[in-house]
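Heads up, the thing below is written out as structure tokens.
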Protein chains: 4
Amino acid sequence: MAKALKKNAAAEATAPCGRFAAGEDPAKRGQIIDGAKRVFLRMGFDAASMNDITREAGVSKGTIYVYFKDKEDLFAAMVEAEREAFLAALRIILAKDDDMETSLYTFGIRFLERLTDEKSITAMRMVLGVRERMPDLCSRFFRGPQNLRTVLHEYLVRQVAKGSLVIDDIDLATGQYLDLASGSFFKFRLFGTMPEPPSQEEMVRVIRGAIRVFMAAYSRHDESVIARAPL
Amino acid sequence: MAKALKKNAAAEATAPCGRFAAGEDPAKRGQIIDGAKRVFLRMGFDAASMNDITREAGVSKGTIYVYFKDKEDLFAAMVEAEREAFLAALRIILAKDDDMETSLYTFGIRFLERLTDEKSITAMRMVLGVRERMPDLCSRFFRGPQNLRTVLHEYLVRQVAKGSLVIDDIDLATGQYLDLASGSFFKFRLFGTMPEPPSQEEMVRVIRGAIRVFMAAYSRHDESVIARAPL
Amino acid sequence: MAKALKKNAAAEATAPCGRFAAGEDPAKRGQIIDGAKRVFLRMGFDAASMNDITREAGVSKGTIYVYFKDKEDLFAAMVEAEREAFLAALRIILAKDDDMETSLYTFGIRFLERLTDEKSITAMRMVLGVRERMPDLCSRFFRGPQNLRTVLHEYLVRQVAKGSLVIDDIDLATGQYLDLASGSFFKFRLFGTMPEPPSQEEMVRVIRGAIRVFMAAYSRHDESVIARAPL
Amino acid sequence: MAKALKKNAAAEATAPCGRFAAGEDPAKRGQIIDGAKRVFLRMGFDAASMNDITREAGVSKGTIYVYFKDKEDLFAAMVEAEREAFLAALRIILAKDDDMETSLYTFGIRFLERLTDEKSITAMRMVLGVRERMPDLCSRFFRGPQNLRTVLHEYLVRQVAKGSLVIDDIDLATGQYLDLASGSFFKFRLFGTMPEPPSQEEMVRVIRGAIRVFMAAYSRHDESVIARAPL
DNA sequence: TATGAATGAGCCTTCATTCAT
DNA sequence: AATGAATGAAGGCTCATTCAT
């Protein structure tokens, strides 16, 4: 019955064009990944059993093995999905045509929220924990081709092109803003030293500080230009 | 036979007072932890089997279970031992009566070496990876009562008492020196972005820089005071 | 697309009279059996998966289950078909109006070729291997109502009726020719002692010998008797 | 409880010298092989599950995997044991100092009994059935280094050396006696054409016939020569 | 009618833990 | 006190079969 409901939901969501090929229905894929995510986050990679995931995802064991080669593949897919979702949200912010400080601010806040969120932190710990067995996963996760750094980098490139920013080494500047924005929160959260995500105020303070430093270094200095102009 | 040898060696090493109570012989305890460390580092917590450890430690299964409640307990003990060893080395440095810059330098280098060493990094990843199941272990490891921070903190307290340093917030200063000393190396190593530990030169550069900043902020400025005084 | 082609081909081959009832189209049935045969011979009964057969036959899983009750039923049908094909070839030879020695010779050679052929040998091993679970299949295969023995038996009956042979116990004679013709080859092949089928020469030698013995025992000796009589 | 009994029995049978190394206790090994044999014979290789064997052998799953690498290894061991038992019985007969005809007779009868016995026949079918996956097993079984042929061959060599027999090609003669002794029974039994082993009388008849032919061909004809000589 | 995605029982195997020796 | 053989629950994964489309 739970099954039937889920199936219908999936069908409605994706329905019009009939049936998907085996292992190709994105709704079902998502359903599996969702279940897997819950179980993996709760138990860790090894302690999570495929049976748990089966139960949590509301899908049969065989189906999981149609969509994913094995447990590692499923885990990798979940991690990838997580990263994708993380990025998607931030990409949108930087795509908007807001003025730069607003963009950097919203980006910073969302980034920090996400970065220090219990689920993200747990996921990162897990990825680090299985690194010995799945080194590729770890690399892709922390410096994959489509990562956060790239997203911000592209934004800064656009701003420089527009003349809003004056940056020599954009790579460096990208890293700097991210480091400034994450503050020490990330490390504290990762190691469990800080048991809760920072409060909204703490985050605002850090992000404001980050922007101040960043803009001081890289914004166009019209006035100073003017100031120097007289001569 | 290898076993027999080990046994004798252990017995001799600790012998004088006769026989130890069950699970109390520190040599045997160490022998088990050593074997366990090798296996855990090589395979990760879950992938390591008690049989592997048995073999590597040259001790029987039953004996392990006399000394340690279960696999988790053994793992925790190994982690604890590792942290202890880490600290012991650094404690000695700060206990010596060297002049302060030398002490901070040697401390910094040893700290950074150890921090970025493949084995330490692997151990930290492991501890993070099993955090969901063994949260206490993780906490104890990263902020246990007898941690690095304390060691350095006590040293700084002594220096302040002697008047060699002028520090308002010693807690803060402790963290600052550690952060300065670890640089970005730690994060890069942890995430695998930096596949090898930094070279000796890189470390020297970072530690020198850390000391410069640290001393600029906190060393007694007698001369300058005097220098400024005359006016 | 490969699938579509096959379907069309089948449809055309059998088309005229419209559509077949479910599980009744003999072309499709043959197509399934053919695919199954290839897979079963390659993998053995248990190791062959219905998916493999599906793929090899170019027919969907459901369709197979319309034509055959289950895997065992499909296997039995394939075995039966194989036996049928085996017999059909030999029946034709004995139906021709060639002189008897020619018939027996050709029959013998074809029989021996087939009997020692890798595919037949593999099939027999398989049938023997699943006997515990499918005892009827084995019986039908080795002494089914329409077997080799019957075919040759009927032929000999006809020859006796024509007066070409003089045989008391035709059952016995039937068995004897088959035993003589198979020689020791069959056992050796079945047990793998003889890794390749016998060469053409070896077969010719054995069959010639078989015919010599058989004819010596059962051919009409009228003329020779008469011939000798006069003296 | 069954377990306890079995254990005690095993203990008594092997007891005096304490404990066996893992996977080395021959009583336990035998116990496992016995259980496995019953299950394998009943179900065939693939259809037999390790759980069935576990239950039938009265031993835990883990223990089986200490004694045998995997299912195939267990099966091979059972087949080997079966062959060994088969040979041992016959070896004894030929080792006795009976007169030759008696030896050959007893050997023949025992051989035929065993060869046509339901269990042997089933085992052979199984070995043939898994040949594709375990070709070595099949070879070893049917022409292994220590097989029946060798045993009889050695006996004949001894008789020739003693002058009791006059044989040119002992290899050939060995095969001939075995073929004569097995008659057609083996094939019929293997294929299930003969549902029961032959009766004692049938066996006696076949073996008597075999000995008559064999002795006619190979026994020393001294006396008869002498007997004939006088004339 | 034909399809093939989904099912889930059941497979082989591993391994933390116990307990008789 | 130390040993290590035995245990058996639980693991990941396959595949014959069903049934909605």
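Side-chain atoms are counted along with the backbone in the values below, which use heavy atoms only and exclude waters and symmetry mates. Proteins get letters first, then strands, A, B, ... in listed order; numbering begins at 1 in each.
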(message) With a 3.5 Å distance limit and no angle check, can you tell me whether Lys71(D) reaches the backbone of Ala48(D) through a side-chain donor-acceptor pair?
(response) yes
(message) Looking only at the side chain of Ser49(B) (C-beta and beyond, no hydrogens), which of the listed nucleotides dA2(F), dA16(E), dT7(F) gets closest?
(response) dA16(E)
(message) From the set dT7(F), dA16(E), dA6(E), return the single nucleotide nearest to any side-chain atom of Ser60(D).
(response) dT7(F)
Set of residues satisfying side chain to side chain donor-acceptor pair (under 3.5 Å) with respect to [X], sequence neighbours excluded:
X: Glu72(C); answer: none
X: Asn51(D); answer: Lys61(D)
X: Asp70(B); answer: none
X: Asp34(D); answer: none

If I take atom [atom1] in residue [X] and atom [atom2] in nucleotide [N], what distance separates them, rounded to the nearest angstrom?
X: Ile53(D); N: dT13(E); atom1: CD1; atom2: C1'; answer: 13 Å
X: Phe68(A); N: dA6(E); atom1: CZ; atom2: P; answer: 12 Å
X: Ile64(D); N: dC15(E); atom1: CD1; atom2: C1'; answer: 16 Å
X: Arg55(A); N: dA9(E); atom1: CZ; atom2: C1'; answer: 15 Å
X: Tyr65(B); N: dT7(F); atom1: OH; atom2: C1'; answer: 13 Å
X: Gln31(A); N: dA5(E); atom1: CD; atom2: P; answer: 16 Å
X: Lys69(C); N: dA16(F); atom1: NZ; atom2: P; answer: 14 Å
X: Arg29(C); N: dA2(E); atom1: CZ; atom2: C1'; answer: 18 Å

With respect to the phosphate group of [N], does any side-chain polar atom (N or O) of [X] fall under 4.0 Å of OP1 or OP2?
X: Lys61(C); N: dA16(F); answer: no
X: Tyr67(D); N: dA5(F); answer: no
X: Thr63(A); N: dT7(E); answer: yes

(request) Could you check whether the rings of Phe45(B) and Phe40(B) sit parallel, tilted or perpendicular, using 30° and 60° as the cut-offs? (result) parallel
(message) Before you tell me yes or no, could you show the steps for Leu128(B) and Cys138(B) under side chain to side chain contact (heavy atoms under 4.5 Å, CB included), namely the whole-Å CA-CA distance, both residues' side-chain angles and the distance that decides it to 0.1 Å?
(response) CA-CA 7 Å; Leu128(B) 290 174; Cys138(B) 198; 4.1 Å; yes
(message) Here's a test of your reading of the structure: between Asp52(D) and Asn51(C), which maps to the more 5' nucleotide of DNA chain E?
(response) Asn51(C)
(message) Quick check on DNA chain E: between Gly62(B) and Met50(D), whose nearest nucleotide comes earlier from the 5' end?
(response) Met50(D)
(request) Show your working on side chain to side chain contact (heavy atoms under 4.5 Å, CB included) between Val127(A) and Val79(A) and close with a plain yes or no. (result) CA-CA 8 Å; Val127(A) 171; Val79(A) 164; 3.9 Å; yes
(message) So, taking the atom named NZ in Lys37(D) and the one named CG in Leu74(D), what distance separates them when rounded to the nearest 0.5 Å?
(response) 12.5 Å
(message) With rounding to the nearest 0.5 angstrom, report the CE to CZ distance, Met50(D) to Arg55(D).
(response) 12.5 Å
(request) Starting at the 5' end of DNA chain E, write a dot or bracket for each base, bracketing those in Watson-Crick or G-U wobble pairs whose two distances are under 3.5 Å and using | for partners on another strand. (result) .||||||||||||||||||||
(message) Taking any heavy-atom pair under 4.0 Å as a contact, classify Ala47(C): base, sugar-phosphate, or nothing.
(response) nothing
(request) For DNA chain E, find the residues of residues 70-81 of chain B with a heavy-atom distance under 4.0 Å and give them by number; none if there aren't any. (result) Asp70(B), Lys71(B)
(message) Please compare Asp46(C) and Asp46(A) by the position of their nearest nucleotide in DNA chain F and report the one closer to 5'.
(response) Asp46(A)
